[in-house]
Participant: 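Encoded as structure tokens, here's the structure I'll be asking about.
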Amino acid sequence: MGPHPAVAAIRLAVRRALHDVLTANNPPNSLLPGPTTPGESAPLVLVACSGGADSMALASALAFEAPKLGLRAGGVTVDHGLQPGSDLRADEVVLRLTELGLAPVEAVAVAVGREGGPEAAARDARYGALDAAAERHGATAVLLGHTRDDQAETVLLGLARGSGIRSLSGMAAVSGRPGAPDRYRRPFLQLDRQTARKACMVQSLPVWDDPHNADPAYTRSRLRHEGLPALEKALGKGVVEALARTAQLSRDDADALDTWARQAEASVRDTAGLLECAKLYALPPAVRRRILRSAAIEAGAPAGSLFARHIEEVDRLITGWRGQGAINLPGRVVAQRQGGRLVIRQG
């Protein structure tokens, strides 16, 4: 008799992600590691685990699947220090991961700032700690337990911000940062939250429900407990699946537009490398604005502080030219129109 359907589902999702990791880290004609007992030199995959149902299910599936592919499996839990006893909770997670057979396993304490709001600050601190842990242990990849429900929430938050199709594309199955663009893997984006919870229950895995996830002070919590249930009541139970599907379609479109913009950028620059306003004007707005955003970032504007309204102001130098002055952008970057050229530089 095979495993419970929920356990089979999480294991299959992780198996696919690990195959992708192996393929990405081996040349096309090389032999992939076989199902042997992993030695110290075997590639290491870490799981980021809070102790909640999603990440505990992910950890259990990683512990089961990794040795079959000749991979080592380890874990990291991040202590944000936002609740009394959070250090003890982190120690408990380390114990649970160790009992699953993961090694190395560690808890990392971080200091959460205030920039961008509490949720964004905690996220930045968490990813900083995970990046550092991956570098420290030489990990090939870090698995994250985001589910289809998390994806639906992310799409709705992006829609509320009105910041364009990239926000509607939600979380990527594979993502990273400069120097490690494919470090993070999200195997559960096609699975719902209940499947992960059920997998923990049938495996008798203890889980911790973070009180922040039910705290109405947090935007995502309000969306989870009030917004999405209201939408499902009004529109039916398929809302989460539809939003997740929207994310994938939006990601495909955004990727295509990004490629178009990269290819078009060379054609709108003059021999001195300056952007020609007439040629920019001839491009579709979605392509033109991507070129403007890229140019602003290249000039020194921080990507995280560069919003749609900034790019719209620069775009008006192209489409609504009335002799207006320079546009100030984050990072002390200035955009201005000079003799039919758009100049974006640090002031």
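When reading the values below, keep in mind they use all heavy atoms of this one structure, side chains included, and skip hydrogens, waters and symmetry mates.
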Participant: What's the separation between atom OG in Ser169 and atom CG in Leu249, rounded to the nearest 0.5 Å?
Facilitator: 11.0 Å
Participant: Answer whether the closest heavy-atom distance between the side chains of Lys198 and His4 falls below 4.5 Å.
Facilitator: yes
Participant: Indicate if Leu69 and Leu58 have the same hydrophobic cluster label, given that clusters are the connected sets of ILVMFWY residues with side-chain heavy-atom separations under 4.5 angstrom.
Facilitator: yes
Participant: Please report the closest heavy-atom contact between Gly170 and Ala247, naming both atoms and the distance.
Facilitator: N-CB, 4.4 Å
Participant: Hey, quick one: are Leu144 and Val110 part of the same hydrophobic cluster, counting side-chain heavy atoms closer than 4.5 Å, chains of contacts allowed?
Facilitator: yes
Participant: Just verifying a value: how many Å separate Arg72 CZ and Leu44 CG, rounded to the nearest 0.5 Å?
Facilitator: 4.5 Å
Participant: What's the shortest heavy-atom distance between Ser167 and Gly158, and which atoms?
Facilitator: CB-CA, 3.8 Å
Participant: Please determine whether residues Val142 and Phe64 belong to a single hydrophobic cluster, defined as Ile, Leu, Val, Met, Phe, Trp and Tyr linked transitively by side-chain heavy-atom distances below 4.5 Å.
Facilitator: no
Participant: Is there side-chain contact between Arg269 and Glu276, with at least one heavy-atom pair below 4.5 Å?
Facilitator: no
Participant: Would you kindly say whether Thr147 and Asp150 are connected by a side-chain donor-acceptor distance under 3.5 Å?
Facilitator: yes
Participant: Taking C-beta and beyond as the side chain, do Leu62 and Val45 meet within less than 4.5 Å on heavy atoms?
Facilitator: yes
Participant: Answer yes if the side chains of Ser250 and Asp253 hold a donor-acceptor pair under 3.5 Å, and no otherwise.
Facilitator: no
Participant: Atom CD of Glu265 and atom CZ of Arg288: how far apart are they, to the nearest 0.5 Å?
Facilitator: 14.0 Å
Participant: Is the shortest side-chain heavy-atom distance between Arg177 and Asp131 below 4.5 Å?
Facilitator: yes
Participant: Would Asp20 and Arg185 pass as an ion pair if we require N to O under 4.0 Å?
Facilitator: no
Participant: Taking ring pair (Phe, Tyr, Trp, His ring centres under 6.0 Å) as the definition, give me every residue that meets it alongside His80, ordered by chain and number, with sequence neighbours left out.
Facilitator: none
Participant: Can you see whether Arg89 engages Ser86 through a side-chain donor-acceptor pair at a distance of less than 3.5 angstrom?
Facilitator: no
Participant: Side-chain contact test, heavy atoms from C-beta onward, threshold under 4.5 Å: evaluate it for Ile10 versus Gln203 and give yes or no.
Facilitator: yes
Participant: Specify the closest pair of heavy atoms between Thr195 and Ala6, including all atoms of both residues, with the distance to one decimal.
Facilitator: O-CB, 3.6 Å
Participant: Minimum heavy-atom separation for Val112 and Ala122, please, with both atom names.
Facilitator: CG1-N, 3.6 Å
Participant: Ignoring hydrogens and angles, state whether a donor on the side chain of Ser175 or Arg186 is under 3.5 Å from an acceptor on the partner side chain.
Facilitator: yes
Participant: Rest of the hydrophobic cluster containing Trp321 (Ile/Leu/Val/Met/Phe/Trp/Tyr, side-chain heavy atoms under 4.5 Å)?
Facilitator: Leu257, Trp260, Val268, Leu275, Leu280, Tyr281, Leu283, Val287, Ile291, Leu292, Ile297, Leu306, Ile311, Val314, Leu317, Ile318, Ile327, Leu329, Val333, Leu342, Ile344
Participant: Using the rule that Ile, Leu, Val, Met, Phe, Trp and Tyr join whenever any side-chain heavy atoms are under 4.5 Å apart, tell me whether Leu46 and Met171 fall into a single cluster.
Facilitator: no
Participant: Check the pair Asp258, Arg166 against side-chain contact (heavy atoms from CB on, under 4.5 Å), reporting the backbone distance first and the verdict last.
Facilitator: CA-CA 10 Å; Asp258 286 348; Arg166 182 55 75 183; 2.5 Å; yes
Participant: Would a 4.5 Å heavy-atom cut-off, applied to side chains only, mark Arg15 and His19 as touching?
Facilitator: yes
Participant: Under the rule for side chain to side chain contact (heavy atoms under 4.5 Å, CB included), what residues qualify as partners of Thr219, not counting sequence neighbours?
Facilitator: Glu119, Leu157, Arg222
Participant: Mind checking what makes side chain to side chain contact (heavy atoms under 4.5 Å, CB included) contact with Ala59, not counting sequence neighbours?
Facilitator: Val47, Leu97, Leu100, Leu102
Participant: When you measure from the side chain of Thr246 to the backbone N and O of Ala242, does any donor-acceptor pair fall under 3.5 Å?
Facilitator: yes
Participant: Got Thr154 and Arg220 here, is their nearest side-chain heavy-atom distance under 4.5 Å?
Facilitator: yes
Participant: Verify the cluster assignment for Val155 and Leu159: are they in a single hydrophobic cluster under the rule of side-chain heavy atoms below 4.5 Å apart?
Facilitator: yes
Participant: Spell out, as yes or no, whether a donor-acceptor pair under 3.5 Å connects the side chain of Thr77 to the backbone of Cys49.
Facilitator: yes
Participant: As a quick check of understanding, evaluate side-chain contact (heavy atoms from CB on, under 4.5 Å) for Trp208 and Val93, giving each step before the final call.
Facilitator: CA-CA 9 Å; Trp208 172 63; Val93 174; 5.9 Å; no
Participant: Please find the pair of heavy atoms, one from Ala111 and one from Ala125, that lie closest to each other, and give the distance.
Facilitator: O-CB, 4.0 Å
Participant: Got a salt bridge between Glu241 and Arg245, using NZ or NE/NH1/NH2 to carboxylate O under 4.0 Å?
Facilitator: no
Participant: Salt bridge check, Arg183 against Glu135: does any charged N sit closer than 4.0 Å to a carboxylate O?
Facilitator: yes
Participant: Decide if atom CD of Glu92 counts as having more than 12 heavy atoms of other residues, nucleotides or ligands within a radius under 6.0 Å.
Facilitator: yes
Participant: For the pair Thr259 (side chain) and Asp255 (backbone), establish whether a donor and an acceptor sit closer than 3.5 Å, ignoring hydrogens and angles.
Facilitator: yes
Participant: Ion pair present between Arg293 and Asp315, side-chain N to carboxylate O less than 4.0 angstrom?
Facilitator: no
Participant: Sub-3.5 Å donor-acceptor pair from the side chain of Asp149 to the main-chain atoms of Arg193, do we have one?
Facilitator: yes
Participant: First locate atom CZ of Arg337, then atom CZ of Arg322, and finally report the distance between them rounded to the nearest 0.5 Å.
Facilitator: 10.5 Å
Participant: Start with the C-alpha gap between Leu18 and Leu71, add the side-chain angles, then the distance that decides, and say whether side-chain contact (heavy atoms from CB on, under 4.5 Å) holds.
Facilitator: CA-CA 9 Å; Leu18 294 181; Leu71 294 168; 4.0 Å; yes
Participant: What I want to find out is whether Glu65 reaches Arg11 closely enough, with some N-O distance under 4.0 Å, to be called a salt bridge.
Facilitator: no
Participant: Decide yes or no on side-chain contact (heavy atoms from CB on, under 4.5 Å) for Gln336 and Arg345, but give the supporting numbers first.
Facilitator: CA-CA 9 Å; Gln336 59 188 135; Arg345 60 172 179 247; 3.5 Å; yes
Participant: Hey, are Arg224 and Glu153 close enough for a salt bridge, meaning a charged N less than 4.0 Å from a carboxylate O?
Facilitator: yes
Participant: Linking Ile, Leu, Val, Met, Phe, Trp and Tyr through side-chain heavy atoms less than 4.5 Å apart, which residues share a cluster with Leu95?
Facilitator: none
Participant: Consider only side-chain N and O atoms of His137 and Glu106, and report whether a donor and an acceptor are under 3.5 Å apart.
Facilitator: yes
Participant: Taking all heavy atoms of Cys200 and all of Ala57, pick out the closest pair and write down the distance.
Facilitator: SG-N, 3.6 Å
Participant: Is the shortest side-chain heavy-atom distance between Arg197 and Met201 below 4.5 Å?
Facilitator: no
Participant: Kindly compute the distance separating CD (Gln151) from CG (Leu191), expressed to the nearest 0.5 Å.
Facilitator: 12.5 Å
Participant: Between CG of Leu130 and CG of Leu143, what distance do you get to the nearest 0.5 Å?
Facilitator: 11.0 Å
Participant: Any salt bridge linking Arg316 with Glu312? Criterion: basic side-chain nitrogen under 4.0 Å from a carboxylate oxygen.
Facilitator: no
Participant: Who pairs with Arg332 by side chain to side chain contact (heavy atoms under 4.5 Å, CB included), at least two apart in sequence or on another chain?
Facilitator: none
